[in-house]
Every structure is written in C-alpha cells, then in structure tokens.
Amino acid sequence: MNRLTATAAAAAVLLSFASPSFAATIFVSNEKDNTITVIDGKTLQTIKTIPVGRRPRGVVLSPDFKELFVAAGDGDIMDVIDTKTMEKSRELESGPDPELMAVDPKGEKIYIANEDDSLVTIMDIKSGDVVGEVPVGVEPEGMTVSPDNKYTVATSESTSMAHIIDNEKMKLVANVLVDSRPREAKFTADGSQVWVSSEVGGSISVIDPKTWKVIKKIRFQVPGVRPELLQPVGMEFTKDGKYVFVALGPANRVAVIDAKTFEVTNYILVGQRPWHLEFDPDGTKLYVANGLTNDMTVIDVASQKAEKSVPVGRLPWGVAVMP
Amino acid sequence: MSSSSVFSMRHSAKLIFGLAAAFVMIWLTGPAIAEDPQAGSQSPSAAPAAAPSGGTQQPSSAAPAAPAGGEVATPPITKFKIVYLGKKYPEPLPLSYAERPVTDKGIQGARLYIKEANQSGSFVNMGFDLVEAIVPAKGDVVAKAKEILKKGDALIVADLEPEDLLAVADLPEAKNSVIMNIRSSQESLRQEQCRQNVFHIIPDWAMRADAIAQYLIVKKWPRWFVIHGDSAADKDYLAQIQRSAKRYGGKIVEERVYDLPPGARNLDSGYQQVQGQIPMVTQGAPTHDVIWVIDTDDNFGDYLPYRTSEPNLVVGTQGLQATAWDKSYTEYGAMTFQDDMLKLAKRDSTERDYTAWIGVRALTDAAMRSGKTTVPEIKQYILSDEFNLEGHKGLAMNFRSWDHQMRQPIILGGGTRTVVSKSPQEGFLHETNLTDTLGYDKPETKCKFH
C-alpha cells in the first residue's frame, strides 16, 4: 500500500495528462497489438498507448477508478495499470488464460474467467492472493457480480451455461442452460435480472435470480442481414436502466433494447465486428470497440446515432471508461 | 488440458468421499446408458453442481446445488455410452519423411470431447463414457458392432471406410442406433447409399469442391486445369468438381491423369527428379487460372506448387484445401481446441480429430439439451429444429434433413500458415441457409431414406 501511494504521488507531480479535467478517459484493449489505447474523452485523441501482456481482452476498472485491470490471456497474467501514472503498476497471478473479469461493488475481490482451465479464479485485489477457485463449464468468459455482492454469474462458452456462484461460500448454486456460446452476463442495476448474450445462438436470455430460470429470450432481426450474423456479444445498460445496448458482432451493428418490454427498438450501424462497449460517466455517449476495423465508434445515446469513429490499435476488444 | 486443475481440486479427500457416497447409478435400457458403476471416475468437477434432494435423473435447465456441506445430498447421475467404432486402416504415408505418420487421428478428438462433455454434463447430473472399439486392420468390425448392439441401441461415432460403415449401418440390430460418420467424404453415402441411421459430420466431396469453386469464382479465376490420380476417391472428387464448375460458372480446361509412379519419397535426390518431372506433367494445357489437384492418397499433390511449367496456383487435396478443420484456424474459440489437442495428443490437430470431437459433441449435446435418455428420442432431437451445434465455426450447425449431412462453414487453408478464407463466400445466396450453397441441396438429392 505504501509503495502504491508513493508511486501515485510521484506520478501526480510528474505527469501532465493527469491534470484535472472533466472529460472522461477511455481505455481500449487491442487484442493483436498487446496494448491499451488511452483516449481523451473530450478531444477523442489518443493520449497514450500502454504495452501490456499478450492478447489483452477484458478491461475493468476498480470501483474507485484508481486501477485498471487488463486480462492478458496468452500471457496468463492480469496486468494492473495505475490510472494516475498510466503505467503498469503490478501483475496479478490470474491463473491461465484470463479473458473477462468482474470486480465486486466494494472493490475487494475480482472474479476472473480462466478460459483454458474452466475455472473462475477469485482474487483479493489488494494482496493479489487467490482466495478461491470455482470449477465451471468449458471456456468460461462472461462475468458479473450482483449489486448486493451476493452472487457472481459466469458464462461458459462451450458448455453454454450461466453458472451462479454464491460469493460468500464460493460455491455454485445453480447452472442455467442458455443458447450456444454465451459471451457476456450483466446484472441489472437493481439486481432483479441477469442478462446473458449468446453469440452463436443469436439470443439474449433474461434470467430471474429468484428462481435462476430463463424468463425471456430476446432475438434480433435486421432486414437484409443474414440471421446467423446477428451475434450478440457485449452488453451495457444505460444509466437510467431503460435501455440495453448490445454489440452484434459480424452484423456490424449495435442493437438497442427496451429493458422493460424486451423489444429491440433500434439498430445502429457501427464499425466491423463490434465486441464490447461502455458508456461515458454521464451516460450521454457510448464507446464501441470494433474488432475488424481497428477503431472505436462513438454513439450519441440520446439520438441513438453513430457520431464518430476513432482509430485505435489492432483488434480492439474491450472498453473501460473512467470519469 | 482444460480440466487439469479441476482434477487436482477433486482429489481433496472430502470431495472424493462426496463422490463415492453420492453417485447412485440409474439403470436404463440400451447400451447408450452406462452400466458401469465407476461413474465418478470420468466426471470432472461433478461435486459442486448437485441437484436438489429428491431430484430425478432428468436434467433440468436450472440445477440448484446442494446446501452447504451437502455433498451427501447428491442426486443420481444419468450415464451415457458413446461408442467410438474404428478400424486400424493403413494410413497413407506423408509425402515427406520429415512428417511423421499420424496413427491416432480421430480418437484423440473423441477423447477430448468426452472430457468436455463430462465437465458440462456434471452441472446437469449427466455423465458420458467413451467406449473405444477399434479393431485391427484385418479385424471384423461388423462382429464388433454386433457385440456392441447386443445390448441395445447405441450412440456410435464411426471412424470407418464406406464399405464397413454401410455393413454396420445395415445390421438389423443397428436400425434404431445413431451413427456419426466422421471419416468418409464419399458422395454416394449421402446420395444413393444414404441410410436413415447414419449422419455425416465430415464434409463430402461436393461441399469441398463447392467451397473452393466459390472462392475461385470470387477471385475471378474461373479456368481450372484438373490433374488427378485414379483412385475411387479421386474419381469421386473429380465428379464433384465437374458439378461445381457447372453450378458456379467455372470451366475445366483439361482433365489430366497423373500416372507417374510414386517413388521420389525414397530418393536422396528426390527433389531433382521431381523438379524435372512436374513441368512435363503440367505443360501444354489450355490457358488456365489454377491447377486443381486431386490426390487423395497424398502421392504427388505437394510436388506441384512451385514446380509447374507455368507459374500456377494449386488448389484441391493439396495446396489450398477445403477442410472442416485446419491446424492454423483460430477463430471462435478454436485456439482452445488447438491448445487442448497439443496437450492431449502431443501433435497438431487434424481434420478427423475435429470431426470426431464434434461427432461426440452432437451426441452428448443432444442428450444434454433434450433431456432424453433413449437413442431414438435423441435421434429425433438431433433432427429437430431445436438442435444447434456449436463447433468454433461462428455459426450454429445442424443436419440437413434430406441426407443427414452436417451444415458447416468450410475452411480454406491447409497448405498455409494462416487460414485463407472460409466458405460459403459472400454473395452466394440461398433462400433458407447460406451453408446449403455448399454440396447437395434438397431439390438435387438422390437420397431416399427407407
């Protein structure tokens, strides 16, 4: 802790881009370049490119925004970036092939999907100690922690299930079959639902945490686009909880779903193969990483229109936004 | 291997006790269901995902776990047997001495998926055992099949040549079994010789020819000079290239038989002889864009690239190949398969490893998702619209109702360090399913199931 504080203090003095600003900072992981592109939310200019471990995919910020966690799958580690210095500050022994992860609301534990090992690794963020491992289905990927910190949901891409972990006991309490290749899981802000996107199955399953049953399946339809290309991957709820924005991969679109009625209300054309997306802190913009076009689309949330495309590294995958 | 650390966890004394105490075997009819009480041995991580007390052997879509410390309250496990039926046929030797012959193609893929199936199955209280029934080169595979079928209907992954495959499929006792053909691309198995109890995982020659033809048409390389061997499989593939040319507007400018004796493999100075021979074999053909080589026995095809009389691209059984799987393919989680095969088999993955892997998967997924326990019910589910198979291709895959061929994107690669493309190509349209632009569509089929 002392070391961290010292580093942070030194960095604050040294670095100009850490000066206070109202604009958000956007982090995009570049799977093929082994870097994180740091973008100023106001100017949309790249302010830094940070080298990280091999094949970075999942990126997530600590709840206090002081640290950015980067899952470097082929490096078998998780890099931690100090968001003041914008330098790698430490590495965590994440277990093999980390892909996506979720931090609990208190910022104490991080839940990591170890894709190659069919495990969820639970780690104490401060110490970096592994406090638990929960075996799940084959190729775990999506991760979400409930707002009350009781449950973590992990998806397994090959087994095609959502696995529910009791966070206190670090044990599975339920396994829910969903459509093929579930990629991401997200709790609603009130914790009343878990949404799971199935890439190859082309659907989103809405799960009720009271029964752990699928209560609704949402599918997509775009005239002129082959149904098999409508592959939901990344999902984000708007800050008011009214809409869900979903990246549709090879359909090159982001779908907008009414969270109440489960109706798909709009499709927004973005770059090619959007993977993951994230809102800016005030919820007015959405940033989408486009895997095949090496850019990030900025969507205006109110008008639901793509505004701008910003170049990033090769094979952009994950997005995180810091106020 | 993906389950290695799961394994180490399982070996804690408490869990072992839990497993031993918990697994009550359910006896069901038919050899698809195991009678082996050593159930836990192949069910990695079975302990955490127990069903509620009083649970049945039927899987449910949500299987709540046991209460804390409740390893004893584990419900029964439904066990299935998957039979890998094969024969040690002599494999064609690789053209190069430097390339080692691979003698365990297929079975390694089946072993890999059985592990994954058990891991997935453990969450819904299902287990799967792989029965490896591989007879010697001169063994009697039909007798082996009879022995297996004595116990009832079976779920079979068949690593068999066409004659043996049909002999097994036509056994009266095999009538209600499900047989996954993972080895033979022979066209007649999907046409005149189709069988209601046989499903084809491996692409046929028509799908392969169409996959390459679409790519050549997209590239505007429509003139094809075909050089072929004269084995039955070579002729089978040739007929499908002729069909593809007609379908997609390609033109075969000449068909030429390669009839030089194989042998350069045995010469120290082999490359000199080959360098002299191949220009002669390839000269004098009408103007063409590519050479399409058909050499299913791997006797000469790899001699063509860089040695032809004109600067030529080579496609077919060597050069750019149309395949269900390639060791360079990495999309949609394919890297896990590549990594796992390397760990398990200590070699690169092959197409047959993949077809065996997904052949097992088709059967175990159908059992898991349908919740059915008899072979005819599982077969019915495989043929239903609900059945969707995930196999690292980026599309849900299933079987064509008219000939039981599995729909799948075809990889174009093989002779290259990276995948060149995947067919169907953009722009080739089909009214119901784009992958049905590859191979025989419903109106063309000669298959009549009886």
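Every chain is numbered from 1, with letters handed out A, B, ... down the list of sequences.
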Original post:
Does atom CZ of A:R219 have more than 12 heavy-atom neighbours, drawn from other residues, nucleotides or ligands, at distances under 6.0 Å?
Top reply: yes
**OP:** Among the options A:E157, A:Q231, A:E141, pick out the one with the most heavy-atom pairs lying under 4.5 Å from chain B.
**Re:** A:Q231
Original post:
Could you give the distance from CZ (B:R369) to CG (A:D179), rounded to the nearest 0.5 Å?
Top reply: 6.5 Å
Original post:
Could you give the distance from CZ (B:F337) to OG (A:S158), rounded to the nearest 0.5 Å?
Top reply: 11.0 Å
Original post:
With a 4.5 angstrom heavy-atom cut-off, which part of A:P250 approaches chain B: side chain, backbone, both or neither?
Top reply: side chain
Original post:
Taking atom CZ of A:R181 and atom CG of B:N388, what is their separation to the nearest 0.5 Å?
Top reply: 14.0 Å
Subject >> B:K422 atom NZ: more than 12 heavy-atom contacts under 6.0 Å >> reply: yes
Original post:
So, for B:M368 and A:L177, which heavy atoms are closest and what is the spacing to 0.1 Å?
Top reply: O-CD1, 4.4 Å
Original post:
With only heavy atoms counted, which part of A:S156 is less than 4.5 Å from chain B, the side chain, the backbone, both or neither?
Top reply: neither
Original post:
Which atoms form the tightest heavy-atom contact between B:G333 and A:E139, and what is the distance?
Top reply: CA-OE1, 3.9 Å
Original post:
Of the listed residues (B:R361, B:H392, B:K393), which shares the most heavy-atom pairs with chain A below a 4.5 Å separation?
Top reply: B:R361
**OP:** Determine the minimum heavy-atom distance between B:S120 and A:M161, stating which atoms define it.
**Re:** O-CE, 3.6 Å
**OP:** Enter the distance from B:D339:CG to A:D97:CG here, rounded to the nearest 0.5 Å.
**Re:** 7.5 Å
Original post:
For B:E377, does the CD atom sit with more than 12 other heavy atoms under 6.0 Å from it, leaving out its own atoms?
Top reply: yes
Original post:
Counting only heavy atoms not in A:Q272, do more than 12 fall under 6.0 Å of its CD?
Top reply: yes
Original post:
For A:K217, does the NZ atom have more than 12 heavy-atom neighbours from other residues, nucleotides or ligands under 6.0 Å away?
Top reply: yes
Original post:
Which value, rounded to the nearest 0.5 Å, describes the distance between B:E426 atom CD and A:R226 atom CZ?
Top reply: 5.5 Å
**OP:** Please name the pair of heavy atoms, one in B:Q119 and one in A:S118, separated by the smallest distance, quoted to 0.1 Å.
**Re:** NE2-CB, 2.6 Å
**OP:** Enter the distance from A:T159:OG1 to B:D365:CG here, rounded to the nearest 0.5 Å.
**Re:** 9.0 Å
Original post:
What's the shortest heavy-atom distance between B:F123 and A:V136, and which atoms?
Top reply: CZ-C, 3.3 Å
Original post:
Measuring heavy-atom distances to chain B, does A:E228 have an atom under 4.5 Å in its side chain, in its backbone, in both, or in neither?
Top reply: both
